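A short worksheet on the structure shown next.
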Amino acid sequence: MEKTLLIIKPDAVERSLIGEIIRRIESARLKIVNLRYMKMTKSVAEDFYEVHRGKPFYDELTNFMSSGAIVPMVVMGDNAISGIRELIGKTNPAEAHPGTIRYDLAVSHTKNSVHASDSPANAEREIHFFFPKEQV
Ligand code: CMP
């Protein structure tokens, strides 16, 4: 069993898509084992996306991620990291395949509805960022 972190981003929370996204995760036979509803400050968003500091989209990304409520969650299952990445589709919704969360629901490259960890090391870091007591 593997664990990964998924965040429902402000654009999806704003459009009442929490239930729809959770339904897709559960339909893929993945389990949600921890979940929060919260708002990040700009400085917390900057820490979370530290790896992108200095990139042209960093300011827009961290402004957006601190603009409204988010729903971070820990998702568990066999190959959960790659499974969730397949379910959400490519980062840019314009390049995502039909049937993926980003193709079906996202608005733009920044307002792309969800984030998910892309490797075991990042999953561990990102899970602990939002859920410090979670066993990974
Ligand atoms: P996410 O999976 O949250 O990880 C970093 C985010 O930066 C990404 O989704 C996008 O929302 C956002 N982003 C905006 N522009 C770009 C870009 N040109 N390349 C990569 N990520 C981008």
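What you are looking at is a predicted structure, and each value in this text was computed from that prediction instead of being measured. Counting starts at 1 for both ligands and their atoms, in listed order. Residues take their numbers from the sequence shown, with the count starting at 1.
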Which of the ligand 1 atoms, numbered from 1, are nearer than 4.0 Å to a heavy atom of [X]:
X    : answer
T110 : 11 (O), 14 (C)
H115 : 1 (P), 2 (O), 3 (O), 4 (O)
R102 : 2 (O)

### Task
Starting from atom 18 (N) of ligand 1, find the nearest protein heavy-atom neighbour and note its residue, name and distance.
H109 CE1, 3.4 Å

### Query
Taking the non-hydrogen atoms of K9, is any one of them nearer than 4.0 angstrom to ligand 1?
yes

### Task
Kindly write out the residues that satisfy side chain to side chain donor-acceptor pair (under 3.5 Å) with K133, not counting sequence neighbours, or none if the list is empty.
none

### Query
Any side-chain heavy-atom pair from M1 and K31 closer than 4.5 angstrom?
no

### Query
So, do N122 and V51 sit near enough that their side-chain heavy atoms are less than 4.5 Å apart?
no

### Message
Regarding ligand 1, does T91 bring an N or O atom to under 3.5 Å of one of the ligand's N or O atoms?
### Response
no

### Query
According to a 4.5 Å side-chain heavy-atom criterion applied to Ile, Leu, Val, Met, Phe, Trp and Tyr, with indirect links allowed, do F131 and I25 form part of one hydrophobic cluster?
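Per the 4.5 Å side-chain linkage, F131 and I25 are not co-clustered.
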
### Query
Hey, quick one: are L5 and M76 part of the same hydrophobic cluster, counting side-chain heavy atoms closer than 4.5 Å, chains of contacts allowed?
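Yes; M76 is reachable from L5 via cluster members.
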
### Message
Below a 4.0 angstrom heavy-atom separation, can you tell me which part of H52, side chain or backbone, both or neither, approaches ligand 1?
### Response
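Answer for H52: side chain.
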
### Query
Where is the tightest heavy-atom contact between P72 and M38, given as atom of each residue plus distance?
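Between these two residues, the closest heavy atoms are CG-SD, 3.8 Å.
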
### Task
Could you check which of F57, F48, Y49 puts a non-hydrogen atom nearest to atom 22 (C) of ligand 1?
F57

